[in-house]
Amino acid sequence: MKYRVDNSRAVESKAEGLVIGVFEGELDKGDFQELDKALEGKLGAMAKRRKFEGKRGQVMPLETMGAIAARYVVVVGVGKRDGATSDSYRYASAVAARAVKSAGVKSCASAMASLAGSEDDAKTIAQATVEGTRLALYNFDTFKKEKTPVMLEEIVILGHGAAAEKGMKNGAATADAVMLARDLINTPANYATPTYLGNQAAALGKKHGFKCAVHGRKAIEKMKMGGLIGVSRGSQEEPKFIVMEYMKGPKSQKPIVMVGKGLTFDSGGISIKPALNMHEMKSDMSGGAATIAVMTAVAIMKLKVNLVGLVPATENMPSGTATKPGDVLTGLSGVTMEVLNTDAEGRLILSDALAYAGRYKPDCTVDFATLTGACMVALGAHCSGLFGNDDELIGQLRESGMRTGDKLWPLPLFQEYEDDIKSQVADVANIGPRGGGASTAAAFLKKHVTGKWAHVDIAGTAFSDKEKGYIRKGGTGAGVRVMLDFIHRRAGLE
Ligand code: BES
Ligand code: MN
Ligand code: ZN
């Protein structure tokens, strides 16, 4: 996909396709008005007939039959001006992109940024437009004989100046990172093994300029990562501990450590899962995918930050050598863990990665994990669960979530949840009572953490069974956008 900024007016744009955004109830303003004039009032009449009012998700496609340079126009509702966020434009752009896609347009201009009230706004909208458009057109057909080619070759942002340019560039890099994560998630587990993840991370590091070390079983055993070893025992696939380092920030600046759960297939182990939808557990490495994607994007953008990415990768399988309910594992932190349910494996492998993170004396550690069905029950697919031990850090992450539409919402981590995971025989048990599963999982992680830390449970957001705006069925890339924004701001880059 090619991207460029063009400062022509919407009605004069030479691109084949044209997207015009409208706030709800504001059809008497801006680009819509200009276009209506060019079309001799036919646009307004059409809107009346079709009950198009500019509501969020409303879309009105039309062929212009030579009335203006653009052959195909999509007018899209952004929703109410009051309370509009970057996601209003991202979502509207995605809805428009789906219409543009079916019309076979090759070059499409978007006038969305003309809705901006300020320079800052223009940058945000340009970025959201590129992300929404590109991500809505994402396709995963690696394993299909019949490919669905993306007809659109070029996205043109109508706007001018540094703001539009910067927003477009950020948007393109961000969309690429999200799509990289989606590819890794969608790749089936017989291909996307721990070894594959390690190879991909190493190749991306080499290509884009971050260090990557991939530790195998021997090294993991030697390091005494008992959680990762314990979970991997049922599988024929070798576990990997992937360490990525990008240290291009000031020497004095402590690194941000991002940790991602890299469970390439979660069958539940001996505490095996029901068959229904078990195939979706190929997505249990979504946190790891996000981590690899964020490292790659940060390296491509050459950000002046210190960033470490850690991905413990393994399968969770039942077998004669698998960890059994009641077994006790000793993690890297020295904490002993009673495995009451082998399906609560994510926290076991994350415990080692979180303990390892402490070696960097980080500014902060943020982990992303498809950790609990309970979090999915609590929040659904609209936001990820957010936990942590530092209110400022939680606040910043939450803000980045709102800025990017990759939303996070705080859940509690009271002392009581830690009491809930006491074990009869070990320092901690890997499950708690029936209720509060997302919080007891977070309480388990907390036992292995040093310093400022946040945990993001993406169980409900990482994988979609619905098409919605810029979300396609399958891996969503949850965590990538919010983390890229957080890193920018935490490191004071903009
Ligand atoms: N990977 C799952 C959580 C999950 C469930 C992610 C559904 C996405 C969709 C995790 O390893 C798991 O199995 N968690 C258990 C924990 C329980 C045994 C305490 C769960 O949530 O049921
Ligand atoms: Mn599990
Ligand atoms: Zn899992």
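One is the number of the first residue; the rest follow in order along the sequence. Read the numbers this way: they start at 1 and go in the same order the structure lists the ligands and their atoms.
- Ring geometry for H215 against F241 counts as parallel: the plane angle stays under 30°, on a 0 to 90° scale with 60° as the upper cut.
- To the nearest 0.5 Å, the span separating OH on Y91 from CG on L135 amounts to 14.5 Å.
- Counting atoms of ligand 1 from 1 in the listed order, those under 4.0 Å from a heavy atom of I431 are 19 (C).
- The nearest N/O/S atom of E345 to the Zn ion (ligand 3) is OE2.
- Ranked by closest heavy atom to atom 8 (C) of ligand 1, the top entry among K273, M281, K261, M376 is M281.
- The Mn ion (ligand 2) is closest to atom OE1 of E345 (considering only N, O or S atoms).
- Scanning the protein for heavy atoms near atom 2 (C) of ligand 1, the closest one is D266 OD2, 3.6 Å.
- For N341, every heavy-atom contact with ligand 1 shorter than 4.0 Å involves the side chain, none the backbone.
- The proximity of L371 to ligand 1, defined as any non-hydrogen pair under 4.0 Å, is limited to the backbone.
- For the residue pair S267 / N316, no side-chain donor-acceptor distance below 3.5 Å is found, with atom types taken as modelled.
- For atom 16 (C) of ligand 1, the nearest non-hydrogen atom of the protein is R347 NH2, 3.8 Å.
- A cation-pi arrangement is absent between R182 and F140, since the terminal nitrogen or guanidinium carbon is not both under 6.0 Å from the aromatic centre and inside a 45° cone about the axis.
- In D284, the N, O or S atom that comes nearest to the Zn ion (ligand 3) is OD2.
- Atom CG of N277 sits in a crowded spot, with more than 12 heavy atoms from other residues, nucleotides or ligands closer than 6.0 Å.
- For the Mn ion (ligand 2), the N/O/S atoms of D343 include one lying under 2.8 Å.
- Between D284 and K261 there is a salt bridge, since a side-chain N of the basic residue sits under 4.0 Å from a carboxylate O of the acidic one.
- The atom of D266 that is an N, O or S and sits closest to the Mn ion (ligand 2) is OD2.
- In terms of polar-atom proximity, T372 is not counted as a contact of ligand 1, lacking any N or O under 3.5 Å from an N or O of the ligand.
- For the residue pair T124/S86, the side-chain donor-acceptor check at 3.5 Å is not satisfied.
- Here the protein heavy atom with the shortest distance to atom 6 (C) of ligand 1 is A459 CB, 3.7 Å.
- Considering backbone and side-chain N/O atoms, G373 comes within less than 3.5 Å of an N/O atom of ligand 1.
- The environment of K144 atom NZ is sparse: at most 12 non-hydrogen atoms of other residues, nucleotides or ligands sit within 6.0 angstrom.
- The shortest heavy-atom contact between A175 and E131 is CB-CA, 4.3 Å.
- Scanning all protein heavy atoms for the shortest distance to atom 12 (C) of ligand 1 gives D343 O, 3.2 Å.
- Here the Zn ion (ligand 3) is the vertex; the OD2 atom in D266 and the NZ atom in K261 give an angle of 180° (to 10°).
- Counting heavy-atom neighbours within 6.0 Å of K254 NZ, excluding the residue itself, gives a total of 12 or less.
- Within a 6.0 Å radius of CE in M223, more than 12 heavy atoms belonging to other residues, nucleotides or ligands are found.
- When each atom of ligand 1 is checked for a heavy atom of E345 under 4.0 Å away, the hits are 11 (O).
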